[in-house]
Amino acid sequence: MKQAGSKNIFSFKYRLKRLKRDSNKWAIFTLLILFLIVLPIVSIGVKLFSGPGETWSHIVDNLLLDYLGNSLFLIFACGAIVLLFGVSTAWLVARYEFPLRKQMEWLLILPLAIPGYIVAYAYAGIFDYGGTLQLILEAVGLEFVRFDIMNKSGLAFVLGISLFPYVYVSSRAFFLNQANSLMEASEMLGVGPVKTFFKLMLPMARPAIVAGLILVLMEVLNDYGAAKYFGVNTFTTGIFRSWFSLEEPETAVYLSALLIVIVFTLILLEKFQRRKLRFNSNRDNNMRIYRKKVSPKNQLIIFLAVLLPVVLGFLLPVAQLIYWATLTYENVFNLSFLTISVQSFGIALLTAFVSVIIAVILIFFSKWSRLGFVKNIAKLGVLGYAIPGAVVAIGIMIPTIFIDRWLIDVMDYLFNVDLGLILTGTLVALIYAYVVRFLAVAYNPIESTALKVSNAIPDSSNMLGVGNLRTFFKIEFPLIRTGIASAFILVFIDVLKELPLTLILKPFHVNTLAVKAYEYASDEMVMEAAIPSLFIIVTVMLPVIFLNRLLIK
Amino acid sequence: MLDIESLSKSFDKGKSFALKNVSFHLKEGDVCALVGESGSGKTTLVRLIAGLETPDAGVIRLNGEVVSSLNNFVPPEKRKVGLVFQDYALFPHMTLFKNVLYGISKEKNKNQRAQEVLNLVGLGGMKDRYPHQLSGGQQQRVALARALAPNPALLILDEPFSNLDAMLRMQLRNEIFEIVKATGVTAIFVTHDTQDALAVADEILILQRGELIQKDEAANLYTKPNSIYVASLFGNTIQLSHELQSAFKCPLNPECSHAIRNENFAINNEECEHVTHAQVIKRTFLGHDTQLLLKLDSGQKISVLTKDRNVADLIKIGFNSKDVLEFNS
């Protein structure tokens, strides 16, 4: 009798047979998409072997320390700012009752609606010679002392004030879910609120806070527009310079690789700190949150403390932009601006659509694959979110140029046809890059709603003779619609705000609102940048409020 | 009807086996219970039969057709197996009628058939309700109707009553198996409750740590268990060690191990073949029964159940040879 169950059924021969048996079309599609997602990063790795460009040694000698120093400075300075504003506001709105608290809760998210580079333009305008601050001071008869914001400290402030909501959202969620009993226990033991915050809540909230912080730092390393405008040399500006000014793709690739190393170091640090600490207090959805009522004077202080970051991160820059808009709308608001808006929305909608489909394919096809390893690696598809946009763009350029050249040669040789570029410099490459970069934004909300549907539901559809695709459309899609809708909105927002990747990959005749704002600012016409910026902000704001409603529920 | 040959499945590449070398055969129309503790491989076995998992080795044949082997895998939607899940898994966004219609949407008389199976489970009048408007027992009956609608070749019920309370459970169990038997479908009923298994199954399969340790008719399993593990699944048993054998002056074949069921002990019954004196050292009132902890003359302690609440402190305890269970191990 054959002794199954013994070791031999895990011999290579048996494994190979099972691999052949279990390789279905879903597995193959999943692997194909994963290949396309990791291709840009792999391309950068491969391209490293063709050696650095001529200016590489010059960059290493003169600029690399500058890039590294500035990037590290930004990481620490922005980190400090977002922690200060993010954690304090989250604690105050979660634990204290004060006038307009509910309104403040969602107002605190609004700074996310303004891309960092636009905040940078606005602040430069406020503090510049002849800027808003000077006008106001002189109007009330005070002397204007120029405060120079266009340096790396100013950049850290601008990025910090526009990105702190990431930390606010993640730590507020923690403080809200944190059972009152913990606070009460601490107070019953006679520990005061300040000590409770620092000794109990802050250490427990650390994993949540750091998770928000890491998102901020990725955005900081991703930034190009603000750093460029403020004249601060960072890795991203270095990549742009090597690619466009020096025309040395090899050098841009080397800088990209270094930037990837920095990003992955940050991610590993985050994983490390999270691995050691995981405080999942039991969440009770029906739990009422008891907020402290303090004296009216203290309520006012809390209100002002919470208002400050909203003013700095949202109201002030938006006021500046509105002021500029009133001065320039006649020049800016014309037919070509309308065309740009339509193109911008079109690209964002198309990308959101494609990203949602790819995310759904990754999540569900990998589930339908019968191969264990395919299920395990599907999550690799979200890796692009960690990679700065400029790096993704470089990573996309390498294979698309290669494929285009090859196709042109083949078509010329076989059919004597001049094919021209079909990927490079076209919408295909641009949307491909957006999908790589923002797939995580679509993947996560869809996955989390899909996880709420018990596996037995699609399984029982299969058992009733209905195949996987039909099961998806009839059963799973209706049950995960909200996840798909929020995925769509989130990708749409991110694409609309995106600058560095778009600058590198956009087709010549196509423009987006973000790029238009950037071009005005680069051409010393920063006032004109106000209209496209406001367009972005308003479009982004509506869904941000909508999604926050969902979060609060 | 169902043929299973050397079926094995490991979830950790061979370090441990959820199912190890399981083989058995089911005849058309059999209702068979699959019994085992949690982690014994019951659910893995039925998921393999359903096609929701892929085996690492072994062959599954349904009506003579190979549905799963090393070279061949028929996906679940093509197997004609019906499965009733533990948590019912009704489609929450569809009415009962739509739920039942789902698996027969391509058939000609689908509406008639859906109404027919809903009537069969006694819910014909509620067809426009949604699953969340039903009680647990009603949901379970809809799940059964939905699985029966396409006339499956094999019906699997995976722990169908574990989410229900004890009273409802017994009533629903009898109702559901009346329906199952009336349709004549071959069925596998997964349960960890031996009472459920004995009550409804023609045949019972016992799984322990992924291995099939006994397959027999219900009555035979009770009277002729092939291991002390199986014996203890169907009621409290006491292992008859050599010391106990000598205490009761009942020498047994030393090559085998022996046990006796708690209920086969008799108190103060002079007709027993093997009797000894004992002292009651603890009484625990359990309602229906009283548990007695006894200290035998020879010093061993055993516990037995009795219906008599007023047993004296000093008693005679005994049993008959015909009730001794013998195992080859």
Side-chain angles (χ1 to χ4, degrees), chain A residues 1-27 365 367-376 449 452-482, chain B residues 5-11 13-15 17 19-23 47 50-58 68-73 75-94 98-100 102-106 143 146-147 149-150 152 156 158 210-211:
Chain A
M1 189 179 141
K2 260 190 304 176
Q3 191 50 49
S6 62
K7 279 270 184 262
N8 70 350
I9 67 168
F10 286 92
S11 65
F12 183 68
K13 198 181 114 197
Y14 272 67
R15 280 169 193 239
L16 209 64
K17 280 195 167 179
R18 284 196 294 266
L19 181 70
K20 193 178 153 220
R21 177 192 71 187
D22 295 339
S23 300
N24 55 14
K25 56 190 170 194
W26 315 119
F365 282 23
K367 205 177 87 179
W368 301 336
S369 143
R370 294 196 293 266
L371 294 168
F373 83 93
V374 173
K375 295 177 204 278
N376 294 335
T449 46
K452 284 183 198 145
V453 179
S454 152
N455 270 332
I457 300 244
D459 281 353
S460 47
S461 169
N462 284 156
M463 298 311 297
L464 292 165
V466 177
N468 290 325
L469 266 183
R470 243 170 72 89
T471 298
F472 174 76
F473 286 112
K474 299 205 88 170
I475 305 291
E476 280 153 326
F477 182 76
L479 297 177
I480 63 167
R481 270 185 321 208
T482 51
Chain B
E5 204 180 296
S6 309
L7 200 61
S8 290
K9 174 75 183 175
S10 166
F11 290 102
K13 298 191 165 72
K15 273 183 227 120
F17 280 84
L19 210 63
K20 197 168 176 183
N21 211 13
V22 166
S23 306
R47 286 179 66 84
L52 298 170
E53 298 282 354
T54 52
D56 288 323
S68 186
S69 71
L70 207 50
N71 307 311
N72 187 10
F73 186 84
E77 62 267 26
K78 302 225 165 81
R79 289 198 183 187
K80 295 207 73 172
V81 173
L83 180 50
V84 176
F85 285 83
Q86 182 172 356
D87 52 2
Y88 326 131
L90 297 177
F91 306 132
H93 58 305
M94 294 183 184
K98 289 263 171 62
N99 261 281
V100 174
Y102 188 83
I104 49 176
S105 57
K106 285 180 189 132
R146 187 179 67 175
I156 299 172
D158 187 4
E211 292 182 76

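The chains referred to below are lettered A, B, ... by the order of the sequence lines, with proteins before strands, and numbering in each begins at 1.
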**Message:** What part of A:Asp459 gets within 4.5 angstrom of chain B, counting heavy atoms only: side chain, backbone, both, or neither?
**Reply:** both
**Request:** Heavy-atom pairs under 4.5 Å with chain A are the metric here; pick the option from B:Ser69, B:Gly82, B:Pro75, B:Gly51 that has the most.
**Result:** B:Ser69
**Prompt:** So what's closer than 4.5 Å to chain A heavy atoms on B:Pro76: side chain, backbone, both or neither?
**Reply:** both
**Asked** Does the side chain of B:Tyr88 come within less than 4.5 Å of A:Ser460's, by heavy atoms?
**Response** no
**Complete:** Applying a strict 4.5 Å limit to non-hydrogen atoms, the region of B:Asp158 in contact with chain A is neither
**Contact leader toward chain B among A:Ile457, A:Ile475, A:Val453, A:Leu479, where contacts are heavy-atom pairs under 4.5 Å** = A:Ile475
**Request:** Find the distance between OG1 (A:Thr471) and CZ (B:Phe91) and round it off to the nearest 0.5 Å.
**Result:** 7.0 Å
**Request:** Please indicate whether A:Arg481 has more than 12 foreign heavy atoms, meaning atoms of other residues, nucleotides or ligands, lying under 6.0 Å from its CZ.
**Result:** no
**Residue part contacting chain A, namely of B:Ala149, when any heavy atom lies under 4.5 Å** = neither
**Message:** Using side-chain heavy atoms (C-beta onward) and a distance below 4.5 Å, is A:Lys474 in contact with B:Ser105?
**Reply:** no
**Message:** Tell me whether A:Lys375 at atom NZ has more than 12 heavy atoms from other residues, nucleotides or ligands lying less than 6.0 Å away.
**Reply:** yes
**Request:** With a 4.5 Å cut-off on heavy-atom pairs, point out which of B:Arg146, B:Lys106, B:Arg79, B:Lys80 contacts chain A the most.
**Result:** B:Arg146
**Request:** Answer whether the closest heavy-atom distance between the side chains of A:Asn462 and B:Glu77 falls below 4.5 Å.
**Result:** yes
**Request:** Using non-hydrogen atoms and a 4.5 Å limit, figure out which bit of B:Phe85 sits close to chain A: side chain, backbone, both or neither.
**Result:** side chain
**Request:** Please state whether the side chain, the backbone, both or neither of B:Pro55 comes within less than 4.5 Å of a heavy atom of chain A.
**Result:** both
**Item:** chain A contact via B:Arg47 - which portion, at a heavy-atom distance below 4.5 Å
**Value:** side chain
**Item:** Proximal component of A:Ser454, with respect to chain B [non-hydrogen, under 4.5 Å]
**Value:** side chain
**Complete:** Correct closest heavy-atom pair for A:Arg370 and B:Phe73 would be CZ-CD2, 3.2 Å
**Request:** Give, as side chain, backbone, both or neither, the part of B:Leu7 having an atom under 4.5 angstrom from any heavy atom of chain A.
**Result:** neither
**Asked** Side chain, backbone, both or neither: which part of B:Leu70 has a non-hydrogen atom closer than 4.5 Å to chain A?
**Response** both
**Item:** Identified side chain to side chain contact (heavy atoms under 4.5 Å, CB included) partner of B:Asn71 from the options A:Arg18, A:Arg21, A:Lys20, A:Lys17
**Value:** A:Lys17
